2 protein chains.
Amino acid sequence: MPRPRAFDEESVLDNAMNIFWSKGFEATSIQDLVNETGLNRASMYASFGDKKALFLRVLDHYSQKISAERFADLRNIEDGRAAIEKTFRDAAKTGTAEGRHKGCLMVNSGMELAPHDPETAAIAHQAFRRAEDTFAAALNRAIGQGKIAKGKNVRALARFLAGSFQGVQLMSRRGADQETLTDYCETILAALD
Amino acid sequence: MPRPRAFDEESVLDNAMNIFWSKGFEATSIQDLVNETGLNRASMYASFGDKKALFLRVLDHYSQKISAERFADLRNIEDGRAAIEKTFRDAAKTGTAEGRHKGCLMVNSGMELAPHDPETAAIAHQAFRRAEDTFAAALNRAIGQGKIAKGKNVRALARFLAGSFQGVQLMSRRGADQETLTDYCETILAALD
DNA sequence: CGTACTTTGGAACGAATGTTCTGTAATTGC
DNA sequence: GCAATTACAGAACATTCGTTCCAAAGTACG
């Protein structure tokens, strides 16, 4: 019965995500979102609620689309050590390659909003926890495969890797040069020995 | 001849710094600054210029007052290895202790503004470079003292430590619990072996 | 004392903010 | 083809934003 939507919800979320990712929450205006998504103001509010609600939708979208992809190798590569190494080296490469240095939306948002917004804090915390677990799984694989010495504190090492991975995103967004980022990553990986 | 100022420039910068530190640049309004510093709008603009100019003054103030203090031990403790260890452990402690998790203003600002503001990017870059050099000096002391093995790539290790130190600030601001932060720091320090 | 000079308090500015309202367009079931 | 329902387009809303202006207030030298 009703008039059908003239927009694709997923592509709207994609566009909105890119703006929030690039500019941050506060610096992104509704006008920016309207301009970039092509979506009308009224339709935006009707479909997603207010700015904050849209932002939370975007965070979720980011998790499923971007984060999932960034950690795909870490999950899927059977060789646990190789998985960890590829994850970091890819991050260092894309972190300096992409024209705009945007870092990671989850890290950015955690920094900008978490201290004053419990909702975002919870989401960012949960994302970090998931990364930590994924690293822990890869570490356990690597230890089982004899690629990493036994007797290490896996939980602590996983926290170290997850934290350091955030550090890569941070340095990338701040505009660190490739040499610095490479040095940083290789030293992290050397800590596995 | 003129009417004397009714405010102390340093304490105004202190107050302004704390607001920017806590809320970030975009989320801090002039009204916030007026309320918190007690300074009048007109006096603010007359003394510091616009919001951005005040912010840059605040960044400088932060460097001299807070950053300098955070790296004082790293510079002054003769034992290079002990200096590095104390720097990280102190950061982990204060990072979870202070009621509000504010992280490091320089890191926060680098994340929020550097991608779109060359001035802030340059300042943050320079600050990172200074931290890197300070870590390198401590590493060289430690190597000379036999506390760290020779033959390491000091520059890469210094970049690792400087990057990881930013990581501590990041995790602290995001509200990481003390256990996670401790694991993270101790694993970083273990990488010196 | 008065004049030169600067700070101070607070009103005022236009522009931009997030949000809502009003009317018009488009589609499906009857 | 009419009625019901939803989406669209864009004007309109009050509020807040960063910034400027103006008159009153305070001090030091003549």
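Note on naming: letters A, B, ... go to the chains in the order of the sequence lines (proteins, then strands), and numbering restarts at 1 for each one. Values in this document were obtained by computation on a predicted structure and should not be read as measured data.
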Item checked: Heavy atoms of other groups near Lys52(B) NZ, more than 12 under 6.0 Å -> yes
Next item on the list: Using modelled atom types only, decide if a donor and an acceptor are shared between the side chain of Thr96(B) and the backbone of Ala92(B) within a distance under 3.5 Å.
Entry: yes
Next item on the list: Answer yes or no: is there a donor N or O on one side and an acceptor on the other, between the side chain of Glu112(A) and the main chain of Phe25(A), under 3.5 Å?
Entry: yes
Notebook entry, point to check: Counting heavy atoms not belonging to Glu9(A), are there more than 12 under 6.0 Å from its CD?
Noted result: yes
Notebook entry, point to check: So with a 6.0 Å cut-off around NE2 of His125(B), is the heavy-atom count from everything else above 12?
Noted result: no
Next item on the list: For Ser63(A), check side-chain hydrogen bond (donor to acceptor under 3.5 Å, both in side chains) against everything at least two apart and list the hits.
Entry: none
Item checked: More than 12 heavy atoms of other groups within 6.0 Å of Glu186(A) CD -> yes
Next item on the list: Among Tyr184(A), Phe128(A), Phe71(A), find the one that has a ring pair (Phe, Tyr, Trp, His ring centres under 6.0 Å) with Phe165(A).
Entry: Phe71(A)
Next item on the list: Can you run down the salt bridge (Lys or Arg N to Asp or Glu O under 4.0 Å) pairs that involve residues 151-166 of chain A, sequence neighbours left out, and say none if there aren't any?
Entry: Glu132(A)-Arg155(A), Glu132(A)-Arg159(A), Asp133(A)-Arg155(A), Arg159(A)-Glu179(B), Arg159(A)-Asp183(B)
Note to self: For Gln145(A), I'd like to know if atom CD has over 12 heavy atoms of other residues, nucleotides or ligands within 6.0 Å.
What the structure shows: yes
Margin query: For DNA chain C, which residues of residues 110-122 of chain B approach it to below 4.0 angstrom with any heavy atom?
Written below: none
Notebook entry, point to check: Do Asp117(A) and Thr120(A) have side-chain atoms, one donor and one acceptor, less than 3.5 Å apart?
Noted result: yes
Notebook entry, point to check: Does Asn76(A) use its side chain to pair, donor to acceptor, with the backbone of Ala72(A) at less than 3.5 Å?
Noted result: yes
Notebook entry, point to check: Where does the chain A footprint on DNA chain C start and end, counting 5' to 3' with a 4.0 Å heavy-atom cut-off?
Noted result: dT17(C) to dT28(C)
Check: Above 12 or not: heavy atoms from other molecules or residues under 6.0 Å from CD of Glu36(A)?
Finding: no
Checklist line | Annotated protein contacts, base or backbone, on nucleotides 6-12 of chain D with a non-hydrogen cut-off under 4.0 Å, one of B, S, - each | finding: BBSBBB-
Notebook entry, point to check: Among residues 21-37 of chain A, which contact DNA chain C at a heavy-atom distance under 4.0 Å?
Noted result: Thr28(A), Ser29(A), Ile30(A)
Next item on the list: Could you tell me the separation between the CE atom of Met44(B) and the P atom of dC17(D), rounded to a whole number of Å?
Entry: 13 Å
Notebook entry, point to check: Whole Å only: how far is the OH atom of Tyr45(A) from the C1' atom of dC13(D)?
Noted result: 12 Å
